[in-house]
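When reading the values below, keep in mind they use all heavy atoms of this one structure, side chains included, and skip hydrogens, waters and symmetry mates. Quick caveat, the model's predicted, so the values are computed rather than measured. Atoms within each ligand, like the ligands themselves, are counted from 1 in listed order.
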Amino acid sequence: MSSNGSGTTAADRVFPEGFLWGSATAAHQVEGNNQNNDWWAAEQAGRLPHQSGLACDHFRRYGDDFALLAELGQTSHRLSLEWSRIEPRPGELSFEALDHYRRVLESLRAHGLEPIVTLHHFSNPIWLAEQGGWTRREIVGRFARYARRVVREYRDLVRYWVTLNEPGVYASQGWIVGVWPPHRANDLRGAFTVLRNMALAHGRAYHAMKAEQPDAKIGVAHHWRLFDPADPARRGDRLIAAIRNRLMNLAFPIAIRNGRLIPPLGSGGLIPWLANTEDWVGLNYYTREHDRFDPRAARIGFGLEQFPDVERNQLGWEIYPKGLERALVAASPGNGREVLVTENGIPEPDDQDAKRPRYLVQHLAACHRALEAGVNLRGYTYWTSMDNFEWAEGFEPKFGLVHVDFETQARTPKPSAYLYRDIIRQNGLSADLLARHDA
Ligand code: GAL
């Protein structure tokens, strides 16, 4: 343990100067009353088990929320813009919505929070969904048009842009698992079309955005999951883990880095204008899977199996901090390319904050090890700023650093929010803290 002489412990694992310490949200999960998107429509039609309703009423309370995050020491904030508010009808922009998000972004800046702005985080304007959404090739031009317009509007306020959040999760939940709009189950072809269109839309948007803001830093928030063989000694298990890794983790980044559409995005064709369309790498990391080869199982997971004795979170996902280090190293293209953790967090039931402090310290220790391994990690964004609408799971899994009372909308920081603040103040982790949390 080291002391800086002022009574507080100095960090032993120090993060780079200017490291962005933040937390994330997404529009549909926090804003409330997003009545013009496909999620809302599906909720109203009874196709989803929960309704987002007023959510965190963040649409009106953003100023107070940002003030709280700043008080909690945070220096950046990831949020998404709601496309359905900005473009309520095809080609028609809402100046009211554009003004609103200008105030939101100005408020972030006023509170010293560096904005990390996502253009698409799962929800779509109803008109777009009705026209076939991401399954139609037209989405490529439509998304680029929206992206260009938004960048033109806010280029004075935003440096870090995320075009898309977790393309693989979006395609799989909507077209394979079928639990999210548009609720197509086992439609592999649909899922692959969506993924390909997302890669192409990202590429088109990239160039359109750069035309408006040449120094924009444009990336994607990739969902990165670890895939390990259930039994490393079994060839079949190793093979399945490797295939799933390629499909879920590697194919999309390869498309936007090398311009190659490998399966499941395509059959290897080269799209030159898609290459080098990632200025920085966003990484959302939650868990790992253990894969077992079972030829009798026709599912895409081939008898996916989880070790029974691993520590899991409330949603059953393995808690595996080392995976964040491995993911960062694997996802980083090297060459000094900036990498940011764009999501990482843990849900707990009710008002609990029992596992989160340890989770946070252990995952930040993993980030530090990735830095030491040469990853140019520039920021860490905890998921999520405050308890919110967790998609098909509703309001029960609570990932927030700040507790939200959904009756009164009162916000109460959890102990882990203060722990995070202390880490941010030190810009690192003390040996004492690491020892206390077995990190
Ligand atoms: C991510 C998603 C977030 C949040 C989180 C926790 O996949 O981007 O919106 O829901 O998972 O489940």
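- Those atoms of ligand 1 that come under 4.0 Å of a heavy atom in Gln29, given as number and element, are 3 (C), 4 (C), 9 (O), 10 (O).
- Shown in contact with His121 at under 4.0 Å from a heavy atom are these atoms of ligand 1, numbered in order with element: 2 (C), 3 (C), 8 (O), 9 (O).
- Counting atoms of ligand 1 from 1 in the listed order, those under 4.0 Å from a heavy atom of Glu390 are 4 (C), 6 (C), 10 (O), 12 (O).
- Of the protein's heavy atoms, Tyr286 OH, 3.3 Å lies nearest to atom 5 (C) of ligand 1.
- Remark: side-chain polar atoms of Asp350 are not paired, donor with acceptor, to backbone N or O of Gln352 under 3.5 angstrom.
- For Arg152, the CZ atom sits in a packed shell: over 12 heavy atoms of surrounding residues, nucleotides or ligands are nearer than 6.0 Å.
- Both the sub-6.0 Å distance and the 45° axial angle are not jointly satisfied by Arg244 relative to the ring of Phe227.
- Nearest protein heavy-atom neighbour of atom 3 (C) of ligand 1: Glu343 OE1, 3.4 Å.
- Just one of Trp175, Trp391, Trp180 meets the ring-ring contact (aromatic ring centres under 6.0 Å, His included) condition when paired with Tyr170; it is Trp175.
- Polar contact with ligand 1: present for Glu166 (N/O pair, distance under 3.5 Å).
- Ring centers of Phe15 and Trp21: under 6.0 Å apart, within the cut-off.
- If you number the atoms of ligand 1 from 1 as listed, the ones under 4.0 Å from a heavy atom of Trp317 come out as 12 (O).
- Figure legend: cation-pi geometry between Arg85 and Phe59, with NZ or CZ positioned under 6.0 Å from the six-membered ring centre and within 45° of its axis.
- In summary, the atoms of ligand 1 found under 4.0 Å from a heavy atom of Asn165, numbered by their order in the structure, are 8 (O).
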